[in-house]
There are 2 protein chains.
Amino acid sequence: MGKSNSKNCPIRFALDLFGDKWSLLIIRDILFKEKRYYDEFIESDEKISTNILADRLKKFEEERFLTKEIDPTNKRRFIYRPTQKALDLLPMLTEMILWSATHDPQTAVAPESHRKIRGDKRSFIERHKAKFRKKGTD
Amino acid sequence: MGKSNSKNCPIRFALDLFGDKWSLLIIRDILFKEKRYYDEFIESDEKISTNILADRLKKFEEERFLTKEIDPTNKRRFIYRPTQKALDLLPMLTEMILWSATHDPQTAVAPESHRKIRGDKRSFIERHKAKFRKKGTD
DNA sequence: CTGTATCCTTAGGGATACTG
DNA sequence: CAGTATCCCTAAGGATACAG
């Protein structure tokens, strides 16, 4: 299902870009855990392997989800920062999290709290975006 | 990354359930294209093969995304209908569609229209839900 | 019509060693 | 530190034939 194939279907378009096993987990680390460095991604619970991580970071840079620059505080490291394109995934990811919150028996949340979270969604997202306005880039 | 592994991460929880190549496309067909029968899924553009489709339908039934019943209008077919758990994916999918609408150069939508779509999101989702209240189930 | 059952292929991913 | 480069392996998926 190559990229040329996502004609006119926005869901397929999205899946072609981040519908694999690792992409959204990396995006999660960037947007919610504020990771910015290669070794920070490597340390994640899921134990991504070095070649896969490098490949995804490259793709994300090519697709303009991330920028890669030399870290000003340490000229021997790279810093990866989310672009607006990545930040724009926050609403979708927030809805995904809300969905899991209601349907995961392990973390199940009462409907009242769910409504509260949903009510807070905008501020939740705005809070995150604000963070990245300092750290992020476009 | 088996299911037992999605401890405390709602994104991983969601990806374990529908993070493969086909699941969200089937959900799309159910929620947006209102497909209900095996052969309707088979006819989709993406040409899913019979064994994969059967496997996903079974999993979705087990995970309570779908119910499977004998079609009252034709006792020799099955009808698959979305549960509330599946319907609850509408907000996430809508955000995914909105994201693609802004970032897919092919279907790119002007920011004004985008804001309009976003403003209409609730009614969009409610319209879909209403449809399924007749056809759907829980 | 709605699937199973097979068989086969391949892309994606894991482990590990190595490098600028 | 931030990756390549290998090598290998497996799960996922395609094609097709068959079955209830």
Side-chain angles (χ1 to χ4, degrees), chain A residues 1-6 11-12 15-30 35-63 65-81, chain B residues 1-6 12 14-30 35-63 65-81:
Chain A
M1 198 154 23
K3 292 181 183 167
S4 54
N5 210 358
S6 39
I11 291 178
R12 222 154 73 199
L15 292 178
D16 280 342
L17 289 172
F18 50 77
D20 69 302
K21 183 175 176 178
W22 290 106
S23 291
L24 276 186
L25 296 174
I26 295 173
I27 298 283
R28 171 203 63 186
D29 285 350
I30 290 168
K35 300 190 177 183
R36 293 291 180 273
Y37 302 100
Y38 184 92
D39 63 309
E40 291 181 322
F41 297 115
I42 287 289
E43 283 160 8
S44 278
D45 281 351
E46 291 88 3
K47 302 295 171 210
I48 190 171
S49 59
T50 60
N51 52 346
I52 307 288
L53 176 59
D55 177 75
R56 291 307 181 281
L57 289 175
K58 202 170 112 192
K59 279 190 182 157
F60 278 149
E61 194 194 353
E62 288 165 2
E63 299 287 351
F65 284 82
L66 299 178
T67 59
K68 174 183 184 176
E69 292 167 65
I70 293 173
D71 181 16
T73 72
N74 176 351
K75 307 249 180 196
R76 310 184 49 194
R77 320 178 84 186
F78 294 101
I79 180 164
Y80 297 91
R81 291 187 295 180
Chain B
M1 201 153 24
K3 292 178 182 170
S4 53
N5 210 358
S6 39
R12 223 154 73 198
L15 291 178
D16 279 343
L17 289 173
F18 51 76
D20 68 302
K21 184 175 176 179
W22 291 105
S23 290
L24 276 187
L25 296 175
I26 296 172
I27 298 283
R28 170 204 65 184
D29 285 350
I30 290 168
K35 299 188 176 182
R36 292 291 178 274
Y37 302 100
Y38 185 92
D39 63 310
E40 291 181 322
F41 296 116
I42 286 289
E43 283 160 9
S44 277
D45 281 352
E46 291 87 5
K47 302 295 169 209
I48 190 171
S49 59
T50 60
N51 52 347
I52 307 289
L53 175 59
D55 177 75
R56 290 308 180 281
L57 289 175
K58 201 170 111 191
K59 279 190 182 157
F60 279 150
E61 194 194 352
E62 287 166 3
E63 298 288 351
F65 284 82
L66 300 178
T67 59
K68 175 184 184 177
E69 292 166 64
I70 293 173
D71 180 17
T73 71
N74 176 349
K75 306 249 176 193
R76 310 185 46 193
R77 326 178 80 185
F78 293 101
I79 181 165
Y80 297 90
R81 292 187 296 180

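Letters go in sequence order (proteins before strands), and every chain restarts at 1. Predicted model, so just to flag it, every value in this text is computed and none were measured.
Within the 4.5 Å cutoff, the side chain of B:Ile52 has no heavy atoms near those of the B:Lys21 side chain. Put simply, the side chain of B:Ile48 reaches to within 4.5 Å of the side chain of B:Ile26, judged on heavy atoms.
Under the side-chain contact (heavy atoms from CB on, under 4.5 Å) criterion, B:Lys58 pairs with B:Glu62, not counting sequence neighbours. Here B:Asp39 pairs with B:Arg77 under the salt bridge (charged side-chain N to carboxylate O under 4.0 Å, His left out) rule; sequence neighbours left out. In terms of the salt bridge (charged side-chain N to carboxylate O under 4.0 Å, His left out) criterion, residue partners of A:Asp55 (sequence neighbours excluded) are, by chain and number, A:Lys59.
Annotation for A:Glu43 and A:Lys47: closest pair O-NZ, 4.1 Å, computed over non-hydrogen atoms.
Within the structure, a side-chain polar atom (N or O) of A:Lys21 is placed less than 4.0 Å from OP1 or OP2 of C:dG14. Regarding contacts with the backbone of D:dA11, every side-chain N or O of B:Trp22 stays at 4.0 angstrom or more from both OP1 and OP2.
Each end of the helix from C:dC1-D:dG20 to C:dG20-D:dC1 gets its own axis from five base pairs, and the two axes differ in direction by 50°, given to 10 degrees.
A straight line from CG of B:Asp20 to P of D:dG14 spans 11 Å, rounded to a whole angstrom. Between B:Leu53 atom CG and C:dT2 atom P there is a gap of 10 Å when expressed in whole angstrom units. Across the protein-nucleic acid pair, B:Lys47 atom NZ and D:dA15 atom P stand 11 Å apart, rounded to whole Å. Here the P atom of nucleotide D:dA15 and the CD atom of B:Glu46 are 14 Å apart, to the nearest Å. A straight line from CD1 of A:Ile52 to P of C:dT16 spans 15 Å, rounded to a whole angstrom.
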Pairwise N/O distances under 3.5 Å, protein to nucleotides 18-20 of chain C:
none

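No option in A:Asp71, A:Thr67, A:Leu57, A:Ile70 other than A:Ile70 meets the side chain to side chain contact (heavy atoms under 4.5 Å, CB included) test with A:Phe78.
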*If the sugar-phosphate is the primed atoms plus P, OP1 and OP2 and the base is the rest, what is the B/S/- string for nucleotides 1-6 of chain D, using protein heavy atoms under 4.0 Å?*
SSBBBB
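Side-chain atoms of A:Arg36 come within 3.5 Å of backbone N or O of A:Ile30 as a donor-acceptor pair. In this structure a side-chain-to-backbone donor-acceptor pair under 3.5 Å is present from A:Lys35 to A:Glu40.
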*Check the pair B:Leu53 / B:Trp22 against side chain to side chain contact (heavy atoms under 4.5 Å, CB included), numbers first and verdict last.*
CA-CA 8 Å; B:Leu53 175 59; B:Trp22 291 105; over 6 Å; no
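In this pair, A:Phe18 and A:Phe65 present their aromatic rings perpendicular. The plane angle is above 60°, beyond the 30 to 60° band.
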